[in-house]
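First up is the structure itself, then whatever we jot down about it.
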Amino acid sequence: MPLADYRNQRDSPVSLYKTISRCLAIIVALIALVVLVGWSLNIAALKSVLPNLISMKPNTAICFFLIGACLWLLRIEHVHTRGQNAARTIVVALAAIVILIGLATILEYGFDWNLGIDQLLFREEAGAVGTTHPGRMAPNTALNFIIIGMALVLIDMRNRKGYRPAQYLMLFSGVISLAALLGYVYGVPRFYGPLSSFTAMALHTAGAFILVFLALFLARPEHGIMKVIAGRLPGSFLLRRIGPIAIGTTILLGWVRLLGERAGWYDTPTGTALYAACTIFVFTFALFLISRRLNKKEVERKKADDEIKKYNIELTALNKELEAFSYSASHDLRAPLRGIDGFSQALLEDYSDKLDERGKDYLRRVRSATQRMGELIDALLSLSRMTRQEMHLQMVDLSDAVQRIATELQKKQAERRVDWIIAEGVTAEGDSRLLNVVMENLLRNAWKYASKCPRARIEFGTTQAAGETAYFVKDNGAGFDMAYKDKLFSPFQRLHAGSEFHGSGIGLATVQRIIHRHGGRVWAEGEVDRGAIFYFTLPLTKRGG
Amino acid sequence: MEDIILLVEDNPDDVELTLRALNKHNISNEVVVARDGAEALDYLFATGSYSHRDVKNMPAVVLLDLKLPKVDGMEVLRRIRADERTRLQPVVILTSSKEERDVINSYELGANSYVRKPVDFVQFSEAVRNLGLYWLILNEPPRRQ
């Protein structure tokens with residue numbers, strides 16, 4: 001009976017956040033381009049949004065464009081290919097340019113220099129709104145660019161405790177950007193132009209900074225601070241819903257309150273009281289709805305947990321039954337076999353003169369069938385034992401196990417010449433005893449089916465399959481017809497005659513059971529008379545050897 | 001005083017095969033067969049249908065199967081070891097079971113040996129022969145004078 005999957009993948013917005021981050025990168029770059037178009041075609045609306053507002057300077061637009069490009073190039077977190085490596089180098093270069101522009105501007109302000117960078121591309125007329133030095137970006141804008149540039153370079157760096165410096169840099173930048181934006185919303189020029197003797201930050205610059213802030217955090221939704229925001233646990237769920245409401249409501253209500261006060265509808269005390277009342281109402285209502293939803297989710301989770309507990313109890317009971325069955329099977333199934341075998345032999349011995357050759361042959365067949373049945377019972381019992389035993393996980397040295405088994409096999413049949421190619425240092429996480437059984441079965445098979453080969457060759461190593469590490473045992477022996485590959489792992493299904501290769505047909509079924517218990521996959525490729533390769537994965541291993 | 005073998009076995013086929021194997025290898029000692037645990041205890045302690053027997057006349061070896069009706073093999077072994085008169089009785093567990101816990105438990109309860117009955121009759125016959133030769137000829141039973 002299938003278990004309800006309560007681990008709701010939809011709960012985690014990780015992939016959504018990454019997509020948003022990429023979109024924001026593009027939007028920021030587009031804003032920058034639009035502004036630059038405004039400068040080149042001298043369209044005031046594109047430069048300043050509204051007539052009385054400060055324009056976004058050309059250098060600012062350039063920096064935003066470079067930042068957008070960097071954010072786009074940083075969308076791939078783990079660098080594997082040379083192309084990706086090159087992208088990272090470009091990011092560092094572009095970020096360096098952004099930092100330099102910011103730094104140069106700060107120096108210009110600080111030492112009253114003119115490095116000639118402000119009017120490099122376009123000229124701004126003197127006396128433009130809020131601009132003390134034509135074409136030069138605001139000092140807080142410049143500072144922001146320095147911080148953001150550094151954050152872009154350091155984005156994937158973390159210290160030993162797992163903290164990400166880039167995130168803390170961005171928080172600082174976020175304060176600057178948010179202050180500027182609030183300054184515009186509430187009409188507090190000091191917030192976007194802290195140093196009144198210098199240019200102030202433009203409105204769309206502040207907006208673009210906020211977008212960059214979001215884009216950078218959303219680009220790495222699984223690390224540092226973002227773990228709490230983008231996680232699957234109840235707290236994160238709560239934060240994601242109450243956060244935007246809290247921020248949005250506060251800003252909006254504050255704006256409405258100021259609006260009314262400035263329009264003379266009410267005075268400051270009344271305005272404050274109204275603001276407080278509205279805020280309390282909105283927050284309480286929102287929190288109430290969200291908490292109710294959270295409680296419902298918790299109830300669902302508890303139900304799923306209880307289901308699991310119930311299944312666990314059932315499973316344990318089933319296992320006990322199986323154990324009891326195996327025990328009595330080992331006794332009861334074998335006893336009659338001995339009778340059949342023994343009395344057939346007794347007939348052969350004591351009544352040989354009364355039996356013709358065919359009669360004796362029949363009795364011999366009876367005996368051999370009995371022995372085969374005994375082997376099968378033993379094999380089945382040991383297979384069931386494999387699945388019942390508790391697993392003790394640890395790091396297992398597979399190379400070492402293979403080496404030992406190879407030596408043993410070679411010792412038993414010293415006259416066979418086999419080339420062993422065993423990869424060194426291959427380790428994996430799993431139950432040591434069970435994994436040994438796996439390697440024994442696979443290697444014994446390889447040994448057995450390559451026995452007819454004059455120059456047998458058995459190989460063990462690792463490879464990549466569908467993004468994960470796969471271990472393989474390869475031989476150049478009898479192989480098998482791929483058409484029957486699905487039967488390979490079924491118990492007792494054999495693809496070769498028992499007369500050709502002796503076996504119980506349980507080895508691969510055992511291997512499959514054990515690998516499945518480890519959560520892995522097992523499969524095979526082969527060609528008749530050319531050999532076979534058996535692969536398996538062990539996903540419990542965090543870093544495959 | 002001839003050495004007696006007490007064979008405690010409920011499966012008549014196995015009894016037949018064991019007797020035959022002993023015969024074939026010229027082990028002609030008297031074999032007493034008990035079909036269940038209760039009968040075995042009756043014999044050893046000279047009670048019930050065996051009350052005419054002399055308890056001090058201990059068999060040279062008891063071949064004891066584990067799964068028996070009425071009183072099972074482990075219990076028989078326990079009682080043998082618990083009684084002063086039979087405490088030293090050589091007991092060989094002769095059973096189909098390969099289960100580890102049966103082996104361990106048997107030794108814990110004081111069995112002298114544990115032999116798993118082979119499925120293959122030739123091997124079974126060999127095993128019986130070896131047991132007979134060892135316990136009847138090579139081994140010295142604990143005889144009190």
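A note on names: the letters A, B, ... follow the listed sequences, proteins ahead of strands, and every chain is numbered from 1.
Counted within 6.0 Å of CZ on A:Arg365, heavy atoms from surrounding residues, nucleotides or ligands total 12 or fewer; the atom is thus considered open. Residue-environment remark: CD (B:Glu140) stays at or below the threshold of 12 foreign heavy atoms within 6.0 Å. Other residues, nucleotides and ligands contribute over 12 non-hydrogen atoms within 6.0 Å of the CD atom of A:Gln413. Atom CZ of A:Arg433 has 12 or fewer heavy atoms from other residues, nucleotides or ligands within 6.0 Å. Other residues, nucleotides and ligands contribute only 12 or fewer heavy atoms inside 6.0 Å of the CE atom of A:Met373.
Looking at B:Lys24, the atoms closer than 4.5 Å to chain A (heavy atoms on both sides) all sit in the side chain, from C-beta outward. Contact annotation for B:Pro118: only backbone heavy atoms (N, CA, C, O) come within less than 4.5 Å of a heavy atom of chain A.
Counting only heavy atoms from C-beta outward, the side chains of B:Asp13 and A:Arg338 never approach each other to under 4.5 Å.
Considering only heavy-atom pairs separated by less than 4.5 Å from chain B, the leading option among A:Gly374, A:Gly339, A:Ala346 is A:Ala346.
A:Asp341 and B:Val122 make their closest contact through OD2-N, 4.5 Å (heavy atoms, listed as atom of the first residue, atom of the second, distance).
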